[in-house]
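See structure below.
Just so you know, these numbers come straight off a predicted model, no measurement behind them. Heavy atoms only: backbone and side chains are in, while hydrogens, waters and symmetry mates are out. Quick note on labels: first sequence line is chain A, next is B, and so on, each numbered from 1.
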2 protein chains.
Amino acid sequence: MIFLDVQELFSQIETIHPIIPVSEKALSTICRGVIFSKGKNVQEIGHTCKTIYFVKKGGVRIYYFKEATDITESFEFENAFVARAESLFTGKPSRKAIQAIEDTTLIAIDSNKLFKLFDTHHDLERLFRKIIETSYVNTVNRIESLQFNTAEERYKALLKDAPDVLKRVPLKHVASYLGITQVSLSRIRGIK
Amino acid sequence: MIFLDVQELFSQIETIHPIIPVSEKALSTICRGVIFSKGKNVQEIGHTCKTIYFVKKGGVRIYYFKEATDITESFEFENAFVARAESLFTGKPSRKAIQAIEDTTLIAIDSNKLFKLFDTHHDLERLFRKIIETSYVNTVNRIESLQFNTAEERYKALLKDAPDVLKRVPLKHVASYLGITQVSLSRIRGIK
DNA sequence: CAAAGGACTTATCATATGATAAATAATCAT
DNA sequence: ATGATTATTTATCATATGATAAGTCCTTTG
């Protein structure tokens with residue numbers, strides 16, 4: 001029996017929706033610790049997502065290809081949850097991959113086992129409902145920014161709301177995340 | 001006691017996650033029927049969202065203003081659920097309004113009462129978790145289309161995936177939904 | 001029915017962003 | 001360290017979309 005350190009995970013859970021000890025216990029039994037070095041794929045394109053990850057250390061991005069162009073859908077760093085929703089919640093293979101953008105330590109939660117736990121551990125279902133709600137709100141806000149803000153406005157908003165992303169991620173990935181080419185981002189940054 | 005016809009609602013629920021009769025009963029006690037004529041706001045900008053709507057008949061849009069420009073965030077028609085997530089799940093006032101785009105009959109579900117029911121009716125929480133998951137997947141897919149598809153690609157995708165929207169909604173609202181001006185949409189439609 | 005307003009299209013010109021290429025700069029592997 | 005990738009910037013030109021304006025068509029309303 002190897003001990004997995006789930007302290008960061010449970011600290012984070014505490015801030016979202018506290019769960020009772022028996023639920024903590026149940027949850028920890030379906031967690032695995034996994035490590036990926038920078039650049040390695042955590043999950044591949046075409047794989048059906050059956051895992052929810054929690055980032056203990058480092059960071060990951062979800063990305064896909066459109067006509068040979070690498071597009072970053074999202075970044076996640078310490079204390080965030082990561083999953084490819086369009087696969088996890090539909091059971092279909094994902095067109096997207098998850099990649100470690102730094103040397104990264106993750107906790108992998110088996111989603112099928114988690115969903116089963118929801119039957120007996122009501123508080124776990126509520127916890128994950130709240131996590132999904134938060135992710136949903138974030139994507140709704142992101143749609144708003146992509147719908148009618150200029151590339152420059154989106155860049156400046158990112159600079160304001162998540163300056164750490166700019167420090168930890170290659171600009172080419174930031175560019176595609178913002179919905180523009182790297183050259184355009186460079187031009188926008190160049191203007192003072 | 002006025003009888004509210006919740007048949008369409010429960011038929012739709014059946015397709016998502018069946019609930020037991022006692023939960024149906026509990027849910028129906030927190031539902032109100034409401035009617036709005038075409039053009040009327042169902043909820044106003046600045047109002048904190050405490051209602052989840054189900055569309056029985058007609059259709060609505062969620063919209064907001066960016067610098068005096070009316071922007072449609074989303075459309076919903078028969079058998080869909082509608083709420084302003086960024087307000088409902090955060091408790092903050094919404095910058096968005098909900099408007100009837102046709103003469104519309106809605107079922108209004110009190111969200112605070114619903115959230116309380118989750119404590120005693122586990123299946124209701126699961127039902128709404130699944131509804132949120134589906135909405136989340138839809139927004140993730142929408143981000144993908146806004147991130148790197150051209151306006152023309154987005155228009156053609158809408159034409160393919162939701163041709164009824166084009167038939168039921170003024171093009172000016174479709175245009176802002178697609179993230180372009182009405183004039184651009186008209187140009188795109190004009191080509192061939 | 002007439003008038004008025006709203007919806008949609010078309011045209012012109014302006015601009016932000018894309019595509020490509022080339023030059024530095026930074027990072028990585030041997 | 002050295003050379004080889006990879007990341008970033010800068011420049012030029014092309015293009016999709018925006019802004020504005022004008023005109024047509026449709027709908028509403030008195």
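- Side-chain contact check for A:Val22 versus A:His121: some heavy-atom pair is nearer than 4.5 Å.
- A ring-ring contact (aromatic ring centres under 6.0 Å, His included) check over residues 139-188 of chain A, counting only residues at least two apart or in different chains, returns the pairs A:Phe75-A:Tyr177.
- Between the side chains of B:Gln43 and B:Tyr53, at least one donor N or O lies within less than 3.5 Å of an accepting N or O.
- Taking every heavy atom of both residues into account, B:Ser87 and B:Cys49 meet most closely at OG-N, 2.8 Å.
- Smallest separation of non-hydrogen atoms from B:Leu4 and B:Arg32: CD2-C, 3.8 Å.
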Polar atoms only, N or O, under 3.5 Å: list the protein pairs with nucleotides 14-21 of chain D and their distances.
residue, atom, partner, partner atom, Å
D:dT17, OP1, B:Ala151, N, 2.8
D:dG18, OP2, B:Thr181, N, 3.2
D:dG18, OP2, B:Thr181, OG1, 3.3
D:dG18, OP2, B:Ser184, OG, 2.4
D:dG18, N7, B:Arg187, NH2, 3.0
D:dG18, O6, B:Arg187, NH1, 3.3

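- Remark: B:Arg129 is positioned above the aromatic ring of A:Phe115, its terminal NZ or CZ atom under 6.0 angstrom from the ring centre and at most 45 degrees off the axis.
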Please lay out, stage by stage, how A:Lys96 and B:Glu144 fare under the test salt bridge (charged side-chain N to carboxylate O under 4.0 Å, His left out). CA-CA 11 Å; A:Lys96 296 162 187 170; B:Glu144 186 179 333; 3.3 Å; yes
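- Within residues 64-75 of chain B, no residue is approached by DNA chain D to less than 4.0 Å at the level of any non-hydrogen atom.
- Without hydrogens or angle criteria, B:Ser135 side chain to B:Ile131 main chain gives a donor-acceptor distance under 3.5 Å.
- A:Arg84 approaches A:Ala97 most closely through the heavy-atom pair NH1-CA, 4.0 Å.
- Five base pairs at each end of the helix from C:dC1-D:dG30 to C:dT30-D:dA1 define two local axes, and these are offset by 50° (rounded to 10°).
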Dump every N/O contact between nucleotides 5-8 of chain C and the protein below 3.5 Å, one line per pair.
residue, atom, partner, partner atom, Å
C:dA7, OP1, B:Lys172, NZ, 3.1
C:dA7, OP2, B:Lys172, NZ, 2.6
C:dC8, OP1, B:Leu171, N, 3.4
C:dC8, OP2, B:Leu171, N, 2.9
C:dC8, OP2, B:Lys172, N, 3.4

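- Using a cut-off of 4.0 Å between Lys/Arg side-chain N and Asp/Glu carboxylate O, B:Lys92 and B:Glu86 are scored as not salt-bridged.
- Taking the six-membered ring where the residue is Trp, A:Phe81 and A:Phe128 present perpendicular rings, their angle passing 60° and hence far from 30°.
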Can you give each donor-acceptor pair under 3.5 Å made by side-chain atoms of residues 102-114 of chain A, sequence neighbours left out, with the distance rounded to 0.1 Å?
residue, atom, partner, partner atom, Å
A:Glu102, OE1, A:Arg168, NH2, 2.9
A:Glu102, OE2, A:Arg168, NE, 2.8
A:Glu102, OE2, A:Arg168, NH2, 3.4
A:Asp103, OD1, A:Lys38, N, 2.7
A:Thr104, OG1, A:Gly59, N, 3.1
A:Thr104, OG1, A:Gly59, O, 3.0
A:Thr104, OG1, A:Glu102, O, 2.7
A:Asp110, OD1, A:Asn112, N, 3.0
A:Asp110, OD1, A:Lys113, N, 2.9
A:Ser111, OG, A:Lys50, O, 2.9

